[in-house]
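What follows is a short report on a single structure.
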Amino acid sequence: MNHLNKIASKLPEYGLDAMLITSEPGEFYAIGFHGEGVTLVTREGSYYFTDSRYIEACEKQVTDCAVSMPEGRSYKTEVRDLVVRHGVKKLGFEDGYMSVKEYNAWTAAVEAQFVPANDLLDELRTYKDAEEIDRMIKAQRISEKAFEEILGFIKPGVTEKEIAARLEYDMIRFGAEKMSFDPIVASGPNGSMPHAIPGDKPVRSGEFITMDFGCKFGGYCSDMTRTVALGEPTEEMKKVYQTVLEAQLAGIAAAKAGVVGADVHEAGRKVIADAGYGDYFGHGFGHSLGIEIHEDPRFSPKWDKPIGAGAALSAEPGIYLPGRFGVRIEDVVILTEDGCEVITVAPKNLIIL
């Protein structure tokens, strides 16, 4: 799978003669290969340069692109020569990834006008095609299978670290390439910290346990969060859980192609605020994901632009009561013209272990 033709077709729209791709996620989107190298997409053809560690695998996997391993020449020299050959005047680059040091080195080596063009790739990566969605669904199914397994593993005395390690082990065992991110496991009072780091704290009866985790399959991420109760929860814990669930369902109901991200966030936030917990929901309702776990656009109060069909975003409201407990429930949705498809199928009714 590669998206070279899509990138090349966008060059005229952005006023570019070519696009220089140097980041790991940009490389994977362009040529469908995880390595270390440089991609140049021109209006006439595409080129990829890598080294001896990756050349054999790259030659087997990469299509529609001239692949080579420069011998005694730098990537910058190769790109410089291609820029001259193709008459490139305006060269797009990934300003969201390239450091100032790298920028200075490239502009010193290549005679062209370097044009910030991260938006070109961001626009393309926002809207997933059928193959990308299929990979995300497969990653999601692996995560859900690990969730099923972990429910039988959790018992009083098991530590947060042990739960996180078991989630990682099971996702790899069930076919994941690697994790989308380090799992979050937060029990009891640690649950009030949305991005708590799993520690040596043992889980105890009467606590909520929030687990936020995901994996990669075919280069694409899954992401899900479930909060379960170990032992019988209090009435307040049940109320908070139900409020978060209703907030998530309200946001999902508002999600469809053309929606403004802030409006989806507000649909979920209002449910939480009306229940009296508005001060305890501080993050956005959701974020895009795909090759990376956090992408744009977002279901955020700051996102005031419409989001089109094919965008994949998380739906993850939460309530966090400092020093007491927290609840977050997260699914992934794909926007469609008449609503959205929820690709997460794990149960989200309150599970009591």
Side-chain angles (χ1 to χ4, degrees), residues 143-144 146-148 150-151 154 156 158 160 163-164 167 181-199 201-214 222-255 264-287 299-301 313-333 342 344-353:
S143 299
E144 290 165 354
F147 176 65
E148 292 174 9
I150 206 68
L151 296 179
I154 296 173
V158 172
E160 294 170 342
I163 294 170
L167 283 168
F181 55 94
D182 293 335
I184 297 167
V185 178
S187 61
N190 291 341
S192 67
M193 296 179 284
H195 275 199
I197 297 172
K201 177 192 172 301
V203 298
R204 298 182 176 90
S205 183
E207 292 183 333
F208 271 145
I209 304 166
T210 297
M211 296 169 285
D212 187 343
F213 56 100
S222 65
D223 191 6
M224 65 179 288
T225 305
R226 290 295 184 266
T227 300
V228 301
L230 183 58
E232 190 64 28
T234 65
E235 289 305 310
E236 183 185 20
M237 291 167 70
K238 292 178 183 178
K239 177 186 176 184
V240 169
Y241 189 95
Q242 186 61 29
T243 300
V244 173
L245 179 57
E246 290 175 3
Q248 195 216 31
L249 294 174
I252 290 173
V264 176
H265 174 86
E266 178 58 23
R269 188 208 65 81
K270 185 176 186 304
V271 173
I272 291 173
D274 288 349
Y277 295 104
D279 292 338
Y280 305 105
F281 174 36
H283 57 74
F285 186 86
H287 57 85
F299 292 146
S300 157
L313 298 99
S314 67
E316 53 175 309
I319 293 174
Y320 311 95
L321 304 180
R324 300 180 61 205
F325 63 86
V327 173
R328 183 166 66 256
I329 304 169
E330 177 184 19
D331 294 337
V332 172
V333 303
V342 182
T344 311
V345 299
K348 52 190 175 186
N349 55 294
L350 177 56
I351 295 174
I352 301 174
L353 302 176

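- Side-chain contact between Leu321 and Glu236: present, with at least one pair of heavy atoms (C-beta onward) separated by less than 4.5 Å.
- Between the NZ atom of Lys348 and the CD1 atom of Ile329 there is a distance of 7.5 Å, given to the nearest 0.5 Å.
- When each of Phe208, Tyr320, Tyr241 is checked for a ring-ring contact (aromatic ring centres under 6.0 Å, His included) with Phe325, only Phe208 meets the rule.
- The distance from atom CZ of Arg269 to atom OH of Tyr277, rounded to the nearest 0.5 Å, is 16.0 Å.
- Side-chain contact between Pro347 and Glu144: absent, with no pair of heavy atoms (C-beta onward) separated by less than 4.5 Å.
- Two residues are said to be in side-chain contact when any heavy atoms from C-beta on lie closer than 4.5 Å; Leu313 and Val332 fail this criterion.
- Counting heavy atoms of neighbouring residues, nucleotides and ligands inside a 6.0 Å radius, atom CG of Asp274 exceeds 12 of them.
- Side-chain contact of His283 with Glu316: a donor-acceptor pair under 3.5 Å is absent, judged by distance alone.
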Using the side chain to side chain contact (heavy atoms under 4.5 Å, CB included) rule, take Glu246 and Leu249 through it: C-alpha gap first, then chi angles, then the decisive distance, then the call. CA-CA 5 Å; Glu246 290 175 3; Leu249 294 174; 5.5 Å; no
Trace of the side chain to side chain contact (heavy atoms under 4.5 Å, CB included) decision for Ile197 with Asp182
CA-CA 9 Å; Ile197 297 172; Asp182 293 335; over 6 Å; no
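- The NZ atom of Lys238 sits 5.5 Å away from atom CD1 of Ile352, with the distance rounded to the nearest 0.5 Å.
- At least one side-chain heavy atom of Val333 sits under 4.5 Å from a side-chain heavy atom of Ile252.
- The heavy-atom pair separating Ser187 from Pro202 by the smallest distance is OG-O, 4.4 Å.
- No more than 12 heavy-atom neighbours from other residues, nucleotides or ligands sit within 6.0 angstrom of OH on Tyr280.
- The two residues Ala164 and Pro198 come nearest to each other via the heavy atoms CB-CG, 3.9 Å.
- Atoms CD1 and CG, from Ile209 and Leu230 in turn, are 5.0 Å apart once rounded to the nearest 0.5 Å.
- Looking at heavy atoms from C-beta onward, Pro156 lies out of side-chain contact with Arg204 at the 4.5 angstrom threshold.
- His265 and Phe281 have their aromatic ring centers within a separation under 6.0 angstrom.
- Closest approach of Ala250 to Val271, counting heavy atoms only: CB-CG2, 3.8 Å.
- Contact of the Phe213 side chain with the Thr225 side chain is not registered, since no non-hydrogen atoms from C-beta on lie closer than 4.5 Å.
- Met211 CE to Thr227 OG1: the interatomic distance, rounded to the nearest 0.5 Å, is 7.5 Å.
- Proximity of Arg324 to Ser192: side-chain heavy atoms (C-beta onward) are nowhere separated by under 4.5 Å.
- The nearest pair of heavy atoms linking Thr210 to Gly326 is OG1-O, 3.5 Å.
- In this structure, Ile184 and Arg328 have side chains that are in contact, with non-hydrogen atoms separated by less than 4.5 Å.
- In this structure, Glu207 and Pro189 approach most closely via the heavy-atom pair OE2-CD, 4.1 Å.
- Pairing each heavy atom of Phe285 with each of Ala247, the nearest pair is CE1-O, 3.7 Å.
- Distance check: Ser143 OG to Arg226 CZ gives 11.0 Å after rounding to the nearest 0.5 Å.
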